Enquirer: 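Mind having a look at this structure? Questions to follow.
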Amino acid sequence: MNRPIRTTCPYCGVGCGVLAAVAADGTTEIRGDSEHPANFGRLCSKGAALGETLGHSERLLHPEVRGKACDWNTALDAVANGFARAIREHGPDSVAFYVSGQLLTEDYYVANKLMKGFIGSANIDTNSRLCMSSSVAGHQRAFGSDTVPGNYQDLELATLIVLIGSNTAWCHPVIYQRIRAAKEKNPDLKIVVIDPRQTATSEIADLHLPVKPGSDALLFNGLLAYLHDRGDSNTHFVDAFTEGMQPALDAAHACAPSTAAVASGCGLREQDVTRFYLWFSVNEKTVSVYSQGINQTSSGTDKVNAIINCHLLTGRIGRPGMGPFSVTGQPNAMGGREVGGLANQLAAHMNFDAGNVDRVRRFWNSSNVAQRPGLKAVDLFRAVGEGKIKALWIMATNPAVSLPDADRVREALAQCEFVVVSDCVRATDTTAYAHVLLPASAWGEKNGTVTNSERRISRQRAFLEPAGEARPDWWIVSEVARRMGYAQAFDYHSPADIFREHAALSGFENDGKRDFDLGALATLADAEYEGFSPIQWPVPRDRPQGTPRMFADGRFYTENHKARFVAVTPRGPFNEKDDEYPLALNTGRVRDHWHTLTRTGLSPRLSGHIVEPFAEIHPQDARQHGIKDGTLVSLATRWGEMLARARVTETQRPGSVFAPIHWNDQYARRARADALVNPATDPVSGQPEFKHTPVNVTPYQAAWHAFLLSHRRLDVADASYCARATGQGFWRYELAGETPSWDWPRWARALLCAPLENGVRTEWIDYLDSGAGQYRGARLLGGRLESCLFVARTPELPARDWLASLFSRDALTREERMHLLAGTLPSQAAGASGGIVCACFSVGKNSIIDAIREKRLGTAEEVGQCLKAGTNCGSCIPEIKALLRQAQSAA
Ligand SMILES: Nc1nc2c(c(=O)[nH]1)N[C@H]1C(S)=C(S)[C@@H](COP(=O)(O)OP(=O)(O)OC[C@H]3O[C@@H](n4cnc5c(=O)[nH]c(N)nc54)[C@H](O)[C@@H]3O)O[C@H]1N2
Ligand SMILES: Nc1nc2c(c(=O)[nH]1)N[C@H]1C(S)=C(S)[C@@H](COP(=O)(O)OP(=O)(O)OC[C@H]3O[C@@H](n4cnc5c(=O)[nH]c(N)nc54)[C@H](O)[C@@H]3O)O[C@H]1N2
Ligand code: SF4
Ligand SMILES: [Mo]
């Protein structure tokens, strides 16, 4: 085992410290870093399984130009020439970069500098537009700067935590674990969850408010009015450090004349609203955590300010245990904001004011700095579709899957003259449209920094050699810049060079005028950069120890240093539901997958929790739309359609449907949620309304259903529904189709027989009941199970667990062969796992239910002692507790 390397998890914005050690056999052991202040050794299921995602099977290993592998020189020349030609013929605004919060700060800085500083256009936007831009805009309106005031420790010091539009348990699991631990220590800590759905997060809630989708501004305006009317205003703070309270209060009173009016407008019980308001009133130490349920709406910026208003009125900001807290999604969403990666920012938290443009021009020593904001993501891709953008470079993001109205995004990419994609993975829905493909180094191979949700900058460090010819993104961008004639300004030899320049720019002519200041880090020696310990910005020259909390002195970054209330008039979603599309589509994440599956999709452990795209729907709506649990449904909106497995559940709010964002053409067919999502955006931030699109749901009339487990990866072309998941030693396919085969045995043989099996003993075991429309077949190769296929007219098929377990066996016993087509051994007839709950120890739902019943287990700890489930990363504890509750209510 090599010495462990200290690095940072590449998934969510919690920014956990990780220790990675490569063993002699090439596998990587991953542990939480007990010294990292974000996680103190904890990891969630995704972080813990990082070692399973480092293989090279899917990697892009060398540059390609128009489908042909080539050397770096050829590819870099092609990119530089393609961009230079477009700029020469159509001007700098005819080109664009679309980048990502998954780049490291150094990569991001160089990309931003090239576009805004030297090409002279601000057409560089980032997927953080889809993620954080309403928070950024809300912060800027309230504080005059994009500043997150507090930190994670505040969650442990608070007596009330309000989680708004945040499925913390699944999306920021280590923050959730810290909150849970804080609640165990202090049972008086109250937790309120505001989300139309009941999620895993609601499991620790003292109060869950299932708000009507999009009604949060009314709820917080009501709170503002209530706090004021009860005399909870901190008049000293308001008078000395804020402005604009009265108009904000007037707007609040106008829409929220009473708690009853709020309750009815938000679809809540009045006593629940009152309880929430009262708790907020009496708990000075309140942290309001919010995330995509707030940001991703067409009035997201107003909602952010409606929340911040309540903290300003009560002066609950900048002190331990309190504050509004926007938690960031991607590992380096914050770093991207810091370098100016959003099209409406210039650099280092500076906007396009003339003074800033001049300052940056002098610092970069360029006569060509962009003078005004560029196109925001949705508009940018619209411009691509209209042929206005002639050359586009996409780095570290997968817009064909993740942008709203994603079918139009594909059309735009298909007709763009010159598309460059830098990615680690060869085949994504976006790389399919690239003229030039550039192989980027992946996590574990690159060096640089990231900033987490609490402004803490940490190092990512390499512990692996780059795969194939992959190179770090900063190097790729710098090489293109050189070839475009900017060699001097991009003469970087290491990420440390870039970091020092970035830090110097943030401190340049700053003198406390701008929040983002890393002045003290501008002269870091290479060795110091190597040994860099996590630190919270600002780190100005006179405060080299960093800054845990902001605004403690009541001084903000507006002209007059006062924080601003914003008067908010609540607005509903841009597209309300209509007769044709009577339900509201809400989209989001699942516990064990990350975005478009390019990494978590490789891990058998992570792929076992949820194996296919689904649509959650309330029983009442299911009845009305003729939908049964476990069947396939078609979801359709004015923008597109998808197929998914129905999950009928009381946790869903009547009137809404929830679908996950993860599945795409690489893992499924017709399952991209964003094909359905409307491209409506927030007028201030440009953030899309991902959480609300009018939708219709109908049963999908499949003539046959099937599952297939196969040692080899296959292409099941005849299936209209197909979802693939990675198993241990096999691929799992869930299938359905509109026309049944005339001859299933022949169909199965055509699909499952591989050409090169000479000399190996091949056996078939199969069974056909053509009357019942049933076929079951298994194929053995040299005595091992190679594949099996189960077809039926309905989705009722045997459980997959026992069959799946046979793929890790060298040979099958006689008994196993006999029962192969039954799908289970008689002794295990009830032994299906029911789906993985604990990813770390592969413990299934049914084993937990059985253990609870048979051993009379009462707590998650007891389940852990008995089955180990939940004892490693703890991400599944909310689900275990839900099973305990179910068992208790059944008993
Ligand atoms: N497992 C996992 N974790 C992740 C990611 C991942 O892909 N997988 N991605 C990371 C990224 S980039 C991000 S941005 C974060 C996102 O983290 P979250 O914001 O927590 O995740 P989402 O599932 O997008 O949405 C959160 C919740 O908003 C709710 N919601 C919808 N509409 C409304 C509404 O009108 N009001 C309120 N109050 N709530 C509403 C949804 O029901 C959902 O439960 O997660 C990060 N962490
Ligand atoms: N309907 C709906 N849509 C959404 C959302 C939603 O809630 N609902 N959420 C939105 C949000 S918040 C986000 S953040 C986006 C995320 O959406 P995307 O950014 O499109 O998703 P990822 O799968 O993370 O894409 C990252 C890509 O970069 C590659 N990559 C990883 N590391 C590197 C690297 O170091 N260098 C390079 N060059 N490439 C790398 C990966 O292989 C992958 O292809 O989705 C948005 N879309
Ligand atoms: S909470 Fe999980 S995904 Fe997020 S940084 Fe920590 S280990 Fe990674
Ligand atoms: Mo995000």
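Just so you know, these numbers come straight off a predicted model, no measurement behind them. Keep in mind that the numbers below use all heavy atoms, side chains included, and drop hydrogens, waters and symmetry copies. Atoms within each ligand, like the ligands themselves, are counted from 1 in listed order.
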Enquirer: Side chain or backbone, does K691 bring an N or O within less than 3.5 Å of an N or O on ligand 1?
Expert: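 So ligand 1 has an N or O lying under 3.5 Å from an N or O of K691.
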Enquirer: List-wise, which protein N, O or S atoms are found short of 2.8 Å from atom 4 (Fe) of ligand 3?
Expert: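 Only C12 SG fall inside 2.8 Å of atom 4 (Fe) of ligand 3.
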Enquirer: If you measure from OG1 on T126 to CD on Q330, what distance do you get to the nearest 0.5 Å?
Expert: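 Answer for the OG1-CD pair, T126 versus Q330, is 6.5 Å.
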Enquirer: Below 3.5 Å, N or O to N or O, backbone or side chain included: is there any such pair between I194 and ligand 1?
Expert: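 Indeed, backbone or side chain, I194 has an N or O that close.
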Enquirer: Identify the heavy atoms of V193 and S202 that sit nearest to each other, and give their distance.
Expert: CG2-CA, 4.1 Å
Enquirer: Please tell me if the side chains of L163 and I191 come closer than 4.5 Å, counting only heavy atoms from C-beta onward.
Expert: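 Side-chain contact under 4.5 Å: yes.
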Enquirer: Between K212, Q292, K303, R197, flag the one that comes closest to atom 16 (C) of ligand 1 by a heavy atom.
Expert: Q292
Enquirer: Looking only at distance, does W594 have an N or O less than 3.5 Å from an N or O of ligand 1?
Expert: no
Enquirer: Evaluate H595 for polar contact with ligand 1, using N/O atom pairs at a separation under 3.5 Å.
Expert: yes
Enquirer: Run down the list L219, D592, N586 and name the one with the heavy atom closest to atom 31 (C) of ligand 1.
Expert: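 The residue whose heavy atom sits nearest atom 31 (C) of ligand 1 is N586.
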Enquirer: Of the side chain and backbone of C171, name the one, both, or neither that has a heavy atom under 4.0 Å from an atom of ligand 1.
Expert: both
Enquirer: With the threshold set at under 4.0 angstrom, would you say H662 reaches ligand 1 through any of its heavy atoms?
Expert: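 Heavy atoms of H662 do come under 4.0 Å of ligand 1.
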Enquirer: So, regarding P213 and ligand 1 (criterion: nitrogen or oxygen to nitrogen or oxygen, under 3.5 Å), is there a contact or not?
Expert: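 No, there is no polar N/O contact under 3.5 Å.
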Enquirer: Given G165, G329, G13, identify the one with the heavy atom nearest to atom 13 (C) of ligand 1.
Expert: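 Comparing heavy atoms across G165, G329, G13, the nearest one to atom 13 (C) of ligand 1 lies in G329.
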Enquirer: Counting heavy atoms only, which of V193, D195, T201 is nearest atom 44 (O) of ligand 1?
Expert: D195
Enquirer: Is the contact between K46 and ligand 1 made by the side chain, the backbone, both, or neither, using heavy atoms and a 4.0 Å cut-off?
Expert: side chain
Enquirer: Between ligand 1 and V590, can you find any atom pair, the residue atom being a heavy atom, that is separated by under 4.0 Å?
Expert: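 Heavy atoms of V590 do come under 4.0 Å of ligand 1.
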Enquirer: For F532 versus R461, what's the shortest heavy-atom pair and its separation?
Expert: O-NH2, 3.1 Å
Enquirer: Can a cation-pi geometry be assigned to R724 and Y667, taking NZ or CZ under 6.0 Å from the six-membered ring centre and within 45° of the ring axis?
Expert: yes
Enquirer: A cation-pi test, strictly: NZ or CZ of R647 under 6.0 Å from the centre of the six-membered ring of F614 and no more than 45 degrees from its axis. Yes or no?
Expert: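 Yes.
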Enquirer: So F276 and L219, do their side chains get closer than 4.5 Å, heavy atoms only?
Expert: yes
Enquirer: Does anything in residues 212-224 pair up under side-chain hydrogen bond (donor to acceptor under 3.5 Å, both in side chains), and if so which pairs, sequence neighbours excluded?
Expert: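 Residue pairs with at least one partner in residues 212-224: there are none.
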Enquirer: Taking only heavy atoms of Q330, which atoms of ligand 1 are found under 4.0 Å from at least one of them?
Expert: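 Once the distances to Q330 are compared, the set is 12 (S).
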Enquirer: Ligand 1 versus W170, non-hydrogen atoms closer than 4.0 Å: side chain, backbone, both, neither?
Expert: backbone
Enquirer: Within the structure, does R591 bring an N/O atom to less than 3.5 angstrom of an N/O atom in ligand 1?
Expert: yes
Enquirer: Measuring from atom 33 (C) of ligand 1, which candidate in P331, P210, P196 has the nearest non-hydrogen atom?
Expert: P196
Enquirer: Could you point out which residue of F280, Y290, F220 forms a ring-ring contact (aromatic ring centres under 6.0 Å, His included) with H311?
Expert: F280
Enquirer: Non-hydrogen atoms of M132 versus ligand 1: any pair closer than 4.0 Å?
Expert: no
Enquirer: Looking at P331 and Q102, what are the two nearest heavy atoms and their distance?
Expert: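 Nearest pair, atom of P331 first, then Q102: CD-CG, 3.9 Å.
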Enquirer: What heavy-atom pair brings A137 and V684 nearest, and what distance separates the two atoms?
Expert: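 Between these two residues, the closest heavy atoms are CB-CG1, 4.1 Å.
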